[in-house]
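The structure appears right after this line, and notes come after that.
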Amino acid sequence: MTRYIFITGGVVSSLGKGLASAALGALLQARGYSVRLRKLDPYLNVDPGTMSPTQHGEVYVTDDGAETDLDLGHYERFTGVSSRQSDNVTTGRIYQEILAKERRGDYLGGTVQVIPHVTNAIKEFVLNETEGTDFILCEIGGTVGDIESLPFLEAIRQLGNDLPRGQTAYIHATLVPFIKAAGELKTKPTQHSVKELRSIGIQPDILLCRAEREIPAHEQRKIALFCNVRESAVIQGLDCSSIYEVPLAYHEEGLDREVLSIFGIESPPEPDLSRWREIHGRISSPEGTVKIAIVGKYTDLQDAYKSLGEALVHGGMANQVKVELQWIESETFEQPDAVQRLEGVDGILVPGGFGERGSEGKIAAATFARKKNVPYFGICFGMQMAVIEAARNLAGLPDASSTEFGSCNDPVVGLMTEWSDGNSLQTRGMDDDKGGTMRLGQYQCQLQQGSKVNQVYANGADDSTSGSMMISERHRHRYEVNINYREKLEAVGLHFSGLSPDGSLPEIVELKDHPWFIGVQFHPELKSKPFEPHPLFASFIAAAVDQMRMV
Ligand code: GLN
């Protein structure tokens with residue numbers, strides 16, 4: 001039997017609803033249940049793929065090539081369950097499907113309406129591909145009271161009646177602010193938010209009350225009384241020093257016990273939280289700090305690099321060090337000598353990005369890392385910039401560039417117009433739609449025996465015994481490093497150490513005579529987990545630790 005937990009939010013956004021959902025998923029898992037997490041996003045974009053990272057944060061890519069909300073990254077990092085296309089939907093996608101049906105005449109002349117057509121499509125999405133899963137946790141984006149989210153709330157309300165009794169639970173996350181002038185925590189916003197939710201027919205079973213101070217017992221009782229929930233169902237959520245403490249903190253507050261009791265599971269299996277305790281221990285007792293500079297373009301909003309920041313933290317955990325991140329806007333390196341600012345960092349990371357602005361600054365950062373022997377990690381765009389750097393400054397091709405910035409004499413990075421995706425041939429043109437047309441999702445890559453990356457993926461094992469490995473990583477890009485420049489670049493020390501299985505697409509480059517200089521065309525940060533740090537991040541931070549010790 002599959003049970004459904006719906007998580008809504010009230011009062012303000014950014015309450016950590018996604019994290020709370022992920023943490024609850026992890027807690028249910030720790031008790032032996034299987035879980036899947038889903039996100040319903042009320043905005044009109046078909047997916048977040050075309051939205052600016054500085055507005056919406058990172059676009060999280062799944063193995064099956066969906067461009068999804070960054071909360072799916074939290075879900076995966078906390079539960080290890082790979083997300084799928086079917087785990088994230090937006091109003092835009094629901095309408096796109098309904099309107100396509102309407103045009104085909106599938107509604108046989110009927111009037112197409114929000115209720116029942118839109119709500120039915122939302123319900124179908126929630127109930128789809130759930131076989132064999134004990135708990136589906138379904139988070140509704142936005143805040144109760146938004147016009148946009150009404151159809152979603154109506155759909156989950158209906159599900160409470162459609163599904164057998166005792167198979168659904170509703171959790172509402174709210175804020176209990178502390179008013180300095182009064183010296184008090186205030187429960188009124190929570191009361192209003194629940195009133196709003198009840199006015200559309202949803203009585204929450206549990207309230208997750210985010211607060212910056214302890215909510216005294218009498219205030220918790222008051223919330224319970226005015227919001228019509230049990231006292232034990234008022235769960236306080238205090239800020240934690242690390243997001244990986246959140247599962248333990250919610251467990252202490254009794255969240256998982258309360259959830260199970262709503263489903264009538266009064267004596268559930270004891271949770272095994274050893275994984276989370278170990279992670280907590282590793283974070284709270286670092287044996288040093290390494291400084292990593294992230295030379296990017298969307299540095300104003302750190303959510304734009306959510307998975308990247310987390311993967312670096314995981315790399316730190318693998319080496320028992322704290323990772324201090326310095327976010328640097330790459331354009332600043334376009335001033336003469338500005339790049340000297342990188343003096344003293346233990347590692348330089350150039351992340352994914354789009355468009356010409358700031359690219360010369362990223363190339364300057366790659367030059368600095370190459371010449372000064374500082375560990376360099378180029379991810380997607382960061383790999384492409386490292387290739388341009390080597391072409392210009394080592395291979396003597398001063399006009400080398402990417403066709404993403406316009407035509408050039410030496411297109412060392414160019415648009416791929418055709419590539420094979422398993423059995424099918426994919427094509428793409430300069431003027432294609434922007435949405436959903438990149439090389440997206442999981443693709444294989446053959447590592448070259450004897451290369452640094454082969455050793456990294458073999459977890460430091462002796463490369464000669466491990467053979468050449470085939471790995472699989474997630475992609476999201478339109479341009480590719482041009483294989484025709486392989487010979488010229490390898491002659492000057494930039495090795496193509498990972499290629500697509502057919503040998504046509506460079507996936508990884510590395511500098512031979514450098515302590516750690518690796519560029520990857522994919523996004524390894526998307527698959528890193530606190531309990532399974534990605535080998536590239538673990539190895540990059542290890543190299544940064546060596547660098548720190550040398551200085
Ligand atoms: N803009 C580059 C491309 O489309 C890199 C994309 C990325 O870094 N994700 O290929």
Side-chain angles (χ1 to χ4, degrees), residues 47-54 56-62 65-68 70 73 294-299 301 303-309 311 330-331 348-363 365-366 376-389 391 400-408 411-419 421 426-443 445 473-483 485 498 500 504-509 518-527 536:
D47 61 42
T50 53
M51 288 157 96
S52 159
T54 48
H56 187 70
E58 160 187 273
V59 175
Y60 189 77
V61 181
T62 59
E67 296 177 280
T68 71
L70 58 77
I294 300 179
V295 184
K297 175 167 174 177
Y298 318 114
T299 48
L301 181 73
D303 266 3
Y305 299 112
K306 191 88 220 163
S307 297
L308 184 70
S330 58
E331 258 181 316
I348 297 169
L349 193 150
V350 176
F354 293 84
E356 190 167 14
R357 182 178 69 76
S359 57
E360 290 301 325
K362 293 175 186 176
I363 293 171
Y376 176 89
F377 195 178
I379 294 184
C380 206
F381 200 68
M383 164 185 180
Q384 297 174 356
M385 295 306 106
V387 168
I388 296 174
E389 198 280 326
S401 190
S402 165
T403 57
E404 184 172 358
F405 316 145
S407 60
C408 60
V412 290
V413 180
L415 186 75
M416 266 294 295
T417 49
E418 272 185 11
W419 75 98
D421 172 9
Q426 303 276 333
T427 55
R428 159 212 296 149
M430 231 17 184
D431 301 322
D432 283 1
D433 279 357
K434 290 282 178 278
T437 56
M438 284 187 264
R439 184 148 85 101
L440 285 167
Q442 171 169 267
Y443 284 87
C445 159
E473 295 280 1
R474 296 183 192 170
H475 290 247
R476 181 174 186 254
H477 55 104
R478 197 165 269 118
Y479 298 84
E480 308 277 352
V481 170
N482 189 338
I483 191 79
Y485 285 88
S500 58
S504 69
L505 302 175
E507 291 274 5
I508 306 178
V509 294
I518 294 177
V520 297
Q521 188 56 75
F522 44 81
H523 289 274
E525 71 274 24
L526 301 176
K527 297 222 301 197
L536 280 168

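One-based numbering, in listed order, for ligands and for the atoms of each.
- In terms of protein heavy atoms, atom 2 (C) of ligand 1 is closest to E404 OE1, 3.3 Å.
- Using a 4.5 Å heavy-atom cutoff, the side chains of R478 and L415 are in contact.
- Scanning the protein for heavy atoms near atom 9 (N) of ligand 1, the closest one is R476 O, 2.9 Å.
- L536 places none of its side-chain heavy atoms less than 4.5 Å from the side chain of I379.
- The shortest contact between atom 7 (C) of ligand 1 and any protein heavy atom is with C380 SG, 3.0 Å.
- At a 4.0 Å cut-off, at least one heavy atom of Q384 sits close enough to ligand 1 to count as contact.
- Looking at F354 and Y479, their side chains never come closer than 4.5 Å, going by heavy atoms from C-beta outward.
- Scanning the protein heavy atoms around atom 10 (O) of ligand 1, the nearest turns out to be Y479 N, 2.8 Å.
- Here the side chains of E473 and E507 are not in contact, with every heavy-atom distance at 4.5 Å or above.
- Among all protein heavy atoms, the one lying closest to atom 4 (O) of ligand 1 is R478 N, 2.9 Å.
- The H523 neighbourhood of ligand 1 comprises atoms 9 (N), with distances under 4.0 Å to a heavy atom of that residue.
- For the pair F354 and ligand 1, the shortest N or O to N or O distance does not fall below 3.5 Å.
- Contact of the Y60 side chain with the H523 side chain is not registered, since no non-hydrogen atoms from C-beta on lie closer than 4.5 Å.
- Contact between M438 and ligand 1 is absent, with no heavy atom of the residue lying under 4.0 Å from the ligand.
- A salt bridge is defined here as a Lys NZ or Arg NE, NH1 or NH2 lying under 4.0 Å from an Asp or Glu carboxylate O, and E67 with R476 meets this definition.
- Looking at Q521 and Q384, their side chains come closer than 4.5 Å, going by heavy atoms from C-beta outward.
- When the options G353, G378, G355 are ranked by their closest heavy atom to atom 6 (C) of ligand 1, first place goes to G353.
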